[in-house]
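In what follows, a structure is listed as structure tokens, so that the remarks can point back to it.
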Amino acid sequence: MNYFLLLQIALTHLRSRLRQTSVATLGVTFGIGMYISLIGFMTGLNNLMDDITMSNTAHVKLFQDIETNRKTVLDKVENSTPMTVVHHLKPKNTRKNIRNSINILDILKKDERIRDFSPRLTTQVFYTFGSIVLNGTALGIDPFKEQEVFDIKANLLEGSFEDLDSYANGIILGSGLAQKLSVMTGDRVNITSATGAQFSLKVVGIYEAGISMIDDIQSYVTLATAQKLMQKSKDYITDINIQLHDKELAIVLSKEFSQRFGCSAQDYITSNAQFEAGSGIRNMITYAVSITLLLIAGFGIYNILTMMIYEKMDDIAILKATGFSGKDVKNIFISQAMIIGIIGGILGILLGYGTCLAIDQIPFESPAIKSMDSMPINYDPKYYIIGVAFAMLTTFLAGYLPARKASQIDPVDIIRGK
Amino acid sequence: MDNKQVLIANKINKYFWKPQKFHVLKDISFSINSGEFVSVMGKSGCGKSTLLYVLSTMDTDYEGELILDGQTLTGKPNQDLAKARNEKIGFVFQFHYLLQEFSVLQNVMLPALKLGKLSKQEIEHNAYEKLKLLNIEDQALKKSSRLSGGQKQRVAIARALINDPMIIMGDEPTGNLDSKNAQNVFEIFQRLKEEQNQSLLIVTHDLDFAQKTDRIIEMLDGRIISHGYK
Ligand SMILES: Nc1ncnc2c1ncn2[C@@H]1O[C@H](COP(=O)(O)OP(=O)(O)OP(=O)(O)O)[C@@H](O)[C@H]1O
Ligand SMILES: [Mg+2]
């Protein structure tokens with residue numbers, strides 16, 4: 001009852017200063033609106049970049065690295081002193097494939113934490129078509145497994161990965177590569193491997209990852225074709241890409257696998273360290289700008305309430321003289337601030353949502369990113385809740401100081417001042 | 001019942017420090033019984049308003065003791081003083097003080113709504129009664145800023161009456177009224193005293209008005225020079 005009464009007094013005050021109230025409310029609306037649209041746009045962009053990067057990166061990647069820092073023969077000699085130093089140690093292990101791969105794949109298959117995995121054979125090749133000879137990489141994959149691990153299908157412009165499997169000697173070329181070789185689906189290209197073996201392969205598809213560094217040199221063949229190219233046995237693979245159920249486990253598992261299998265392992269965070277740093281900085285900028293906007297809105301409220309309190313000195317004195325306590329008066333002014341905050345916040349959400357919808361309409365076509373046709377926007381309700389919560393917090397703080405001052409005003413001072 | 005002391009002031013002293021030390025109230029001691037209608041007179045600037053602010057608990061910067069309804073109010077926290085003002089004191093300012101943005105009716109109702117003892121309907125009904133008493137019920141729904149000075153003063157009196165206070169304090173409540181309305185206010189006060197045993201302490205410059213009250217407290221330079229007992 002009492003609070004309802006105070007709220008009514010607060011509302012009457014706000015109504016009597018409609019213009020100032022509107023300006024203060026619009027300040028909050030603008031602050032929250034900008035926050036919502038900025039954050040929606042920025043996080044939308046970040047998520048898109050995340051998706052693109054993640055679609056090319058497995059949670060954990062196993063591969064055979066060249067061994068460095070290995071123990072020398074001298075270290076193994078009994079009674080050897082730390083005085084022995086071997087300079088310019090030559091790498092001993094020259095193999096590029098993962099040892100004991102059949103066993104490893106077996107173990108991976110049984111691991112509950114792993115969602116999908118796909119073995120690969122990456123090898124250097126020369127593409128020849130007519131007189132053109134291009135240097136590049138061929139990825140030997142299991143088309144079905146690879147599709148589980150990476151969304152390669154989305155990047156396919158022509159053909160299908162199933163054809164890769166059904167044609168014994170099929171190849172899918174990167175779009176840049178296909179253009180340089182001026183081949184289309186159905187044509188044949190000659191491939192020369194590092195070992196000198198030559199094959200004539202049929203183009204069964206063309207794909208585009210959106211990154212020219214990949215599209216200009218890379219092609220997909222089946223694992224079996226790649227092994228034939230390399231003249232290696234059926235267990236010869238160079239890396240295994242693993243997707244986990246819970247990507248947070250990536251760091252732990254990559255350590256575990258590298259120890260257990262005796263090969264190198266890299267988690268996605270290490271692989272994308274640069275990218276992560278970039279998106280972190282982008283987020284920081286977004287938050288800094290948003291907080292600045294909200295603070296400006298907060299200062300607006302602070303100003304207007306302070307002014308309101310000076311104008312309402314008489315009212316404060318009368319209310320106190322007729323039995324309203326300092327606390328009541330404080331609550332009246334805090335309510336005014338909160339009303340401005342809530343209305344401004346809700347309008348701000350609508351403004352922000354509207355702006356997001358508008359930005360979403362802006363066509364944005366990038367040759368680098370084929371999957372995008374308009375600006376990416378994140379509509380996560382989390383940010384809308386944060387926006388309103390922050391609006392209420394700032395308005396409360398902005399209202400608190402002037403309200404406390406009002407509660408401390410001595411009515412006699414004002415009455416005597418007349 | 002007649003002898004029950006509603007308000008006791010005990011050796012009240014007050015100083016103003018700015019611009020220089022000024023002893024404005026000097027050893028003020030008196031009491032008011034229930035049902036007593038007392039007026040305060042004295043030259044302009046002798047400290048009547050200052051005394052009333054102290055007695056109404058709005059000014060707490062004084063020495064001495066103030067007892068209202070058997071309860072010592074000196075040194076009480078602000079919250080308690082606000083409650084006492086709301087419940088037990090009806091105050092009419094020298095200059096009519098109304099909430100400008102509220103209607104006349106709302107102005108009168110607010111202290112009762114704050115007290116929260118009655119329902120809104122009952123309070124509204126009571127407020128109309130008080131306005132009727134002062135002949136301004138026809139202005140009830142007007143914004144209070146749209147009233148004449150005399151009308152405002154009558155609304156302020158109605159507001160002072162709304163919670164049926166223990167004591168009504170008025171700082172020249174008839175100062176802005178014509179003689180007819182001043183007479184009406186006096187009659188209302190007199191009736192409250194007779195019918196409800198209301199205590200009143202009214203500062204006035206109007207000798208006619210004062211002479212009709214039970215006794216006149218006379219002040220000079222911050223001191224009571226006569227308690228007016230016959
Ligand atoms: N805030 C103040 N600071 C210093 N002196 C003050 C202050 N307020 C009032 N005074 C002085 O205190 C004295 C008493 O003032 P007060 O208002 O009580 O007079 P009053 O008896 O009500 O006069 P009036 O009949 O004109 O209303 C006056 O001399 C006045 O100048
Ligand atoms: Mg005075």
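Lettering follows sequence order; numbering is per chain, from 1. Values below: all heavy atoms of this structure, side chains included; hydrogens, waters and symmetry mates excluded.
Proximity of Thr322(A) to Phe91(B): side-chain heavy atoms (C-beta onward) are nowhere separated by under 4.5 Å. Residues Glu101(B) and Lys312(A) have side chains in contact (heavy-atom distance under 4.5 Å, counting atoms from C-beta outward).
Counting heavy-atom neighbours within 6.0 Å of Lys26(B) NZ, excluding the residue itself, gives a total above 12. Residue-environment remark: NZ (Lys83(B)) stays at or below the threshold of 12 foreign heavy atoms within 6.0 Å. Enclosure of atom OH in Tyr62(B) by more than 12 non-hydrogen atoms of other residues, nucleotides or ligands within 6.0 angstrom is indicated. Other residues, nucleotides and ligands place more than 12 heavy atoms under 6.0 Å from the CZ atom of Phe16(B). When the shell of 6.0 Å around NE2 of His205(B) is examined, it contains more than 12 heavy atoms from other residues, nucleotides or ligands. By the neighbour-count criterion of 12 heavy atoms within 6.0 Å, atom CE of Met313(A) is densely surrounded, having more than that number from other residues, nucleotides or ligands. Atom OH of Tyr353(A) has 12 or fewer neighbouring heavy atoms from other residues, nucleotides or ligands inside a 6.0 Å radius.
Inspection of non-hydrogen atoms places Thr50(B), Tyr53(B), Met58(B) of residues 49-58 of chain B under 4.5 Å from chain A. Residues of residues 128-139 of chain B lying under 4.5 angstrom from chain A, judged on non-hydrogen atoms, do not exist.
Once rounded to the nearest 0.5 Å, the distance linking CG of Leu319(A) with NZ of Lys114(B) reads 10.0 Å. Here the CZ-NE2 distance, from Phe102(B) to His13(A), works out to 5.0 Å after rounding to the nearest 0.5 Å. Taking OG of Ser325(A) as the reference point, atom CZ of Arg85(B) lies at 9.0 Å (rounded to 0.5 Å). Atom NZ of Lys320(A) and atom CG of Asn86(B) lie 14.5 Å apart (nearest 0.5 Å). If you take CG on Leu113(B) and CZ on Phe324(A), they are separated by 7.5 Å, rounding to the nearest 0.5 Å.
Residues Tyr97(B) and Ile415(A) approach most closely at OH-CA, 3.5 Å, considering heavy atoms. Between Asp59(B) and Val412(A), the shortest heavy-atom distance links the atoms N-CG2, 3.6 Å.
At distances below 3.5 Å, not a single donor-acceptor pair connects side-chain atoms of Asp315(A) with backbone N or O atoms of Leu99(B).
The choice from Ile318(A), Ile9(A), Asp410(A) that makes the most heavy-atom pairs within less than 4.5 Å of chain B is Ile318(A).
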